Amino acid sequence: MKSEPESRLEKGVDVKFSIEDLKAQPKQTACWDGVRNYQFTNGLCSGQCLHTSLGVLAKARNFLRAMQLGQEAFFYHSNCKEPGIAGLVKIVKEAYPDHTQFEKNNPHYDPSSKEDNPKWSMVDVQFVRMMKRYITLAELKTHYQAHKTTGGPLKNMALFTRQRLSVQPLTREEFDFILSLEEKEPS
DNA sequence: GCCAACGTTGGC
DNA sequence: GCCAACGTTGGC
């Protein structure tokens with residue numbers, strides 16, 4: 001799940017939401033809102049909510065709706081000096097209507113969505129822990145490129161093959177491989 | 001239903 | 001701040 005750790009205004013609202021911001025929330029929990037098209041794009045709102053902007057509506061929304069209670073996800077810092085995986089979060093509430101789609105002053109307001117048939121969903125995520133070390137995009141890319149040749153676990157990683165999805169699926173093999181990187185020196 | 005124009009994401 | 005990638009829009 002991608003979020004922007006550095007301040008940036010979107011329709012006058014700062015979309016900054018880093019993993020430190022998540023940790024600072026009550027119960028270290030926030031709602032992941034702002035998924036607004038068929039693919040996730042991203043951006044987290046300040047205050048009580050994280051928000052992602054969706055990319056592909058159907059796909060992104062479906063990824064979100066597929067998330068199950070207790071599942072873990074990486075918290076990825078995007079659109080910043082050093083992009084990479086900062087920590088682990090878990091799903092603590094499965095998909096439910098994203099209230100920001102009905103709020104006129106919200107950057108993710110969608111006038112085409114009706115209260116009796118909401119278009120957009122969000123989930124709640126809770127901080128689990130920081131990564132033992134920050135896993136940079138550059139490091140992941142090095143492995144991805146090697147694995148394309150060797151057939152290693154990151155050979156189809158969505159971060160590179162579906163680059164604009166702000167919420168994206170990982171296979172068990174991808175997830176475990178990235179966790180194993182924590183124990184190693186940066187390559 | 002094609003596709004050019006346009007807008008957004010996000011690395012660099 | 002630039003711009004490549006890629007999704008969306010809308011004319012036809």
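This is a predicted model, so every value here is computed, not measured. Numbered from 1 within each chain, the chains take letters A, B, ... in sequence-line order.
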Applying salt bridge (charged side-chain N to carboxylate O under 4.0 Å, His left out), which residue pairs with at least one partner in residues 126-144 of chain A are found, sequence neighbours left out?
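Non-adjacent pairs meeting salt bridge (charged side-chain N to carboxylate O under 4.0 Å, His left out): A:R129-A:E182, A:K132-A:E183, A:R133-A:E139.
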
Tell me which pairs pass salt bridge (charged side-chain N to carboxylate O under 4.0 Å, His left out) where either residue lies in residues 69-88 of chain A, with sequence neighbours left out.
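Found none.
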
Distance, rounded to the nearest Å, where [X] contributes [atom1] and [N] contributes [atom2]:
X      : N      : atom1 : atom2 : value
A:E4   : B:dT8  : CD    : C1'   : 11 Å
A:N79  : C:dC2  : CG    : P     : 15 Å
A:Q168 : B:dG10 : CD    : P     : 9 Å
A:E139 : B:dC12 : CD    : P     : 14 Å
A:R8   : C:dG1  : CZ    : P     : 14 Å
A:L137 : B:dG11 : CG    : P     : 6 Å
A:E6   : B:dG10 : CD    : C1'   : 12 Å
A:L165 : B:dT9  : CG    : C1'   : 11 Å

Before giving the answer on side-chain contact (heavy atoms from CB on, under 4.5 Å), spell out for A:M122 and A:T100 the whole-Å C-alpha distance, their side-chain angles and the decisive distance to 0.1 Å.
CA-CA 10 Å; A:M122 61 185 181; A:T100 63; 5.6 Å; no

Considering just the side-chain nitrogens and oxygens of A:K2, establish if one lies under 4.0 Å of OP1 or OP2 belonging to B:dG10.
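Answer yes for this pair, as a side-chain N or O of A:K2 is under 4.0 Å from OP1 or OP2.
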
Can you tell me if the side-chain N/O atoms of A:Y76 get under 4.0 Å from OP1 or OP2 in B:dT9?
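No, because none of the side-chain N or O atoms of A:Y76 sits under 4.0 Å from OP1 or OP2 of B:dT9.
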
Who passes salt bridge (charged side-chain N to carboxylate O under 4.0 Å, His left out) against A:E174, sequence neighbours left out?
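Here no residue qualifies.
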
Angle of first-five versus last-five pair axes in the helix from B:dG1-C:dC12 to B:dC12-C:dG1, to 10 degrees
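Nearest ten degrees gives 10° for this helix.
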
Qualifying side chain to side chain donor-acceptor pair (under 3.5 Å) pairs with a residue from residues 146-160 of chain A, counting only residues at least two apart or across chains:
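Listed once each, the pairs would be none.
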
Have a look at A:K141 and say if it touches a base, only the backbone sugar-phosphate, or nothing, with a 4.0 Å heavy-atom cut-off.
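Touches sugar-phosphate only.
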
Gap separating the CG atom of A:L22 from the OG1 atom of A:T29, nearest 0.5 angstrom:
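The distance works out to 7.0 Å.
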
Which residues pass the side chain to side chain contact (heavy atoms under 4.5 Å, CB included) test with A:Q68, not counting sequence neighbours?
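If we apply the side chain to side chain contact (heavy atoms under 4.5 Å, CB included) test to A:Q68, skipping adjacent residues, the hits are A:Q71, A:E94.
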
